[in-house]
Amino acid sequence: MDPHRAARERAASLPLDALSTRLAGDVVAPTDDGYDEARRVWNGMVNAYPTAIAYCQSTDDVVDCVAFARDHDRSVSVRSGGHSVSGASVAGDLVVDCSRMEWVRVDPDARTARVGPGATWGTVDRATQSVGLATPGGVYSETGVAGLTLGGGTGYLSPKHGFTADNLRAVDVVTGTGERITADAERNADLLWAARGGGTVGVVTAFEFELHPLDHDVAYAESWLPLDEAGAALAAYRSYQRTAPAESCVFPYFDTVPSTAAFPSERRGDPALVLAGVYAGAPEHAREGLGPVVDHDAAFASSFETMSYLELQTMMDDDFPAGRRYYWKSVPLATLEDGAIETLRDAAERAPSSLSTIVLWPMHGAVSEAEADTSPVVGRDAAVVANVEAAWDDPLATERTVEWVRETCRELRADASLAGTLPNFAGGSDPDADDVYAGNAARLREVRERYDPDGIFTHERE
């Protein structure tokens, strides 16, 4: 059956008008003119047809939506920024959209920020930087705070201050039973643990983050190397990373050389290794702190600059346009052995799309030093996590591009990999908790069942 028709038939069996009259926000049904626009999310690969989308403007709206779903035995997914690569935010019958609940309240004295579920990281960064503070966020300013945090969250400040989720101090949640509760270190601590990377734990209506001083510019450097230099360069990076300072976030990635004047004409279109790094400490120490990135002998193009943290956080915005197709998976590597380096180099050479990248995120500093039971996220004892990030525009290229990601990850799994994966880079739709959270999966399921006993939220595939 046509999926749009099926959605209309499902909606016809529900009293959506009754829900609409209860909400301050809007309810969009499959028969409405705005439905096709409302069901779209950032990832153009996702083509879901939910039964209805409810735009909430308050916690009261959220409570009414959960009650409606319970009364009519419907599943719920939660959407804020809509940037879930897997499309989890539109996987349920009823999409509870919190994008209009966008607010940030910073307490500079307590060094905390309370954030609404509809806020983006750009909104948070502007508010916190206005008083010289920051907390680890993503690398794309339009990413939603909710999705990134509930999926762990890695960023340039993670070596210094941990995952985004590690800085989460409290959440206000509407549970699967419709109850409003607060989870912090003293109250419902198990739910706070789950919210620190465990995905949907209910509808979070407020996040509270710890903030850290950052009242100066940061440094960004990169060196572009020919692919045949990747082995030696990543071996040197491996040695550097063992004692890298927490202020440094050096993240090598494989990319295609752009066809711009910044690069030699004979290199344009070639696969390359980019040694890239951010130094969040005092800029005068950046060249020393960034080690292998700066002034690399084999580089055919390089840069070193200082900029505001706000500028850094928006630097990659143009690289992730809405509507493009994305499929990402990650593999934590216990060590960056020669076999893994060869696998990465070969994968970069055969990448089916010039828009795709493979990024190595470092797991040193605060990430690895956190207590094991800080959150459900595994992989803290990895040297790096390899994120295989496919992006493409041609729908006919989907099958071969997705298979490139999967094959690369299968090969990396054989190269000293650890169990689990970063939740935000889990790949697929509604990944199984065992695949993502490994030894923490059973505990996470227990928490989910405690606060959502009837399973109305879309957590994972059955």
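Side-chain atoms of Arg406 and Tyr327 form a donor-acceptor pair, as typed in the model, at a separation below 3.5 Å. Side chains of Asp61 and Tyr55: a donor-acceptor N/O pair is absent below 3.5 angstrom, by distance only. Residues Asp255 and Thr357 have side chains that never bring a donor and an acceptor to within less than 3.5 angstrom of each other. With hydrogens and angles left out, the side-chain atoms of Ser99 and Ser80 include no donor and acceptor closer than 3.5 Å. Counting only N and O atoms by type, the side chains of Thr51 and Arg10 include a donor and acceptor under 3.5 Å apart. With hydrogens and angles left out, the side-chain atoms of Thr398 and Trp392 include a donor and acceptor closer than 3.5 Å. Neither side chain, Thr112 nor Glu210, offers a donor N or O lying under 3.5 Å from an acceptor on the other.
You'll find the side chain of Arg413 reaches within 4.5 Å of the side chain of Pro332, heavy atoms only. Using a 4.5 Å cut-off on side-chain heavy atoms (C-beta onward), Pro252 and Val274 make no contact. The side-chain heavy atoms of Thr205 and Val173, taken from C-beta on, include no pair separated by under 4.5 Å. Within the 4.5 Å cutoff, the side chain of Leu157 has heavy atoms near those of the Leu214 side chain. When side chains are defined from C-beta on, Leu192 does not count as touching Asn188, because their heavy atoms never get closer than 4.5 Å. Cys65 is listed as a side-chain neighbour of Cys56, based on a closest heavy-atom distance under 4.5 Å. Proximity of Ser158 to Val367: side-chain heavy atoms (C-beta onward) are separated by under 4.5 Å at one or more points. Using a 4.5 Å heavy-atom cutoff, the side chains of Tyr437 and Pro423 are in contact.
Taking the ring centre of Trp42 as origin, the terminal cationic atom of Arg324 falls outside the region bounded by 6.0 Å and 45° from the ring axis. Annotation: cation-pi geometry not satisfied between Arg196 and Phe163 (NZ/CZ under 6.0 angstrom from ring centroid, within 45° of ring axis).
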Check your understanding: Would Asp393 and Arg325 satisfy salt bridge (Lys or Arg N to Asp or Glu O under 4.0 Å), going step by step from the backbone distance to the final call?
Key -> CA-CA 6 Å; Asp393 291 321; Arg325 290 165 170 79; over 6 Å; no

Practice item. Just do the side-chain contact (heavy atoms from CB on, under 4.5 Å) check on Val359 and Glu389 with the steps written out, would you? Key: CA-CA 8 Å; Val359 187; Glu389 305 177 7; 3.8 Å; yes

Review point. When you look at Leu94 and Ser75, which way does the side-chain contact (heavy atoms from CB on, under 4.5 Å) test go after all the steps?
Key: CA-CA 6 Å; Leu94 177 63; Ser75 63; over 6 Å; no

Practice item. Decide yes or no on side chain to side chain donor-acceptor pair (under 3.5 Å) for Asp217 and Ser308, but give the supporting numbers first. Key: CA-CA 5 Å; Asp217 284 352; Ser308 71; 5.4 Å; no

Practice item. Quick one: do Tyr309 and His216 satisfy ring pair (Phe, Tyr, Trp, His ring centres under 6.0 Å)? Show the steps, please. Key: CA-CA 8 Å; Tyr309 182 66; His216 55 75; 9.8 Å; no

Practice item. Check the pair Thr421 / Ser330 against side chain to side chain donor-acceptor pair (under 3.5 Å), numbers first and verdict last. Key: CA-CA 6 Å; Thr421 187; Ser330 71; 2.4 Å; yes

Point to revise | Candidate pair Thr164 and Thr154, rule side-chain contact (heavy atoms from CB on, under 4.5 Å), full reasoning | key: CA-CA 6 Å; Thr164 304; Thr154 53; over 6 Å; no

Practice item. Mind running ring pair (Phe, Tyr, Trp, His ring centres under 6.0 Å) on Phe209 and Trp121 for me, showing each step along the way? Key: CA-CA 12 Å; Phe209 294 99; Trp121 277 107; 5.8 Å; yes

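Here the shortest heavy-atom pairing between Gly152 and Asn424 reads N-ND2, 4.1 Å. Between Pro362 and Cys249, the closest heavy-atom pair is CG-SG, 4.1 Å. The heavy-atom pair separating Ser353 from Ala391 by the smallest distance is OG-O, 2.6 Å.
Counting only distance, with no hydrogens or angles, the side chain of Glu311 and the backbone of Met315 share no donor-acceptor pair below 3.5 Å. Distance alone, capped at 3.5 Å, places no donor-acceptor pair between the Asn167 side chain and the Thr135 backbone. Judged purely by atom type and a 3.5 angstrom limit, Thr175 has no side-chain atom pairing as donor or acceptor with the backbone of Asp452. Under the 3.5 Å distance criterion, the side-chain polar atoms of Trp404 are matched with a main-chain donor or acceptor of Ala347. The backbone N or O of Leu336 sits less than 3.5 Å from a side-chain atom of Arg238, completing a donor-acceptor pair. Side-chain N or O atoms of Ser141 include none that pairs as donor or acceptor with a backbone N or O of Gly122 at under 3.5 Å. Judged by distance alone, with hydrogens and angles left aside, the side-chain atoms of Thr149 form no donor-acceptor pair with the main-chain N or O of Ala165 at under 3.5 Å. Looking at His364, its side chain does come within 3.5 Å of a backbone N or O of Ser248 through a donor-acceptor pair. The main-chain N or O of Asp109 is found under 3.5 Å from a side-chain atom of Asp107 such that the two form a donor-acceptor pair. Judged purely by atom type and a 3.5 angstrom limit, Thr143 has no side-chain atom pairing as donor or acceptor with the backbone of Gly138.
Between Asp60 and Arg180 there is a salt bridge, with a side-chain nitrogen of the basic residue lying less than 4.0 Å from a carboxylate oxygen of the acidic one. Asp26 has a carboxylate O that lies under 4.0 Å from a charged side-chain N of Arg100, or vice versa, which qualifies the two as a salt bridge. Arg5 and Glu9 are joined by a salt bridge, as a carboxylate oxygen and a charged side-chain nitrogen come within less than 4.0 angstrom of each other. In summary, Asp172 and Arg114 engage in a salt bridge, as defined by a charged side-chain N under 4.0 Å from a carboxylate O. In this structure, Arg410 pairs ionically with Glu403, as a charged nitrogen and a carboxylate oxygen lie closer than 4.0 Å. Ionic pairing of Asp184 and Arg169 is not present here: no N-O contact between side-chain nitrogen and carboxylate oxygen is shorter than 4.0 angstrom. Looking at Asp166 and Arg380, a side-chain N of the basic residue comes within less than 4.0 Å of a carboxylate O on the acidic one, giving a salt bridge.
Between Leu360 atom CG and Tyr237 atom OH the span is 6.5 Å, to the nearest 0.5 Å. Separation of atoms SG (Cys409) and NZ (Lys329) is listed at 6.0 Å; rounding is to 0.5 Å. For the atom pair OG of Ser84 and CG of Leu150, the computed distance is 11.0 Å after rounding to the nearest 0.5 Å. Rounding to the nearest 0.5 Å gives a distance of 10.5 Å between CG of Leu275 and CZ of Phe251. Atoms CG and CG, from Asp319 and Asp317 in turn, are 8.5 Å apart once rounded to the nearest 0.5 Å. Here the straight-line distance linking atom NE2 of His285 with atom CG of Leu290 works out to 12.5 Å at 0.5 Å rounding.
Residues His83 and Tyr140 bring their aromatic ring centres within 6.0 Å. Here Tyr156 and Tyr220 keep their ring centres 6.0 angstrom or further from each other.
With a 6.0 Å radius and a threshold of 12 heavy atoms from other residues, nucleotides or ligands, Asp73 has its CG atom at or below the threshold. Annotation: Arg8, atom CZ; neighbour count of heavy atoms from other residues, nucleotides and ligands within 6.0 Å is above 12.
Ring pair Phe320/Tyr326 is tilted by interplanar angle, where 30° to 60° counts as tilted. Ring orientation note: the planes of Phe425 and Trp328 are close to parallel, at an angle under 30° on the 30°/60° scale.
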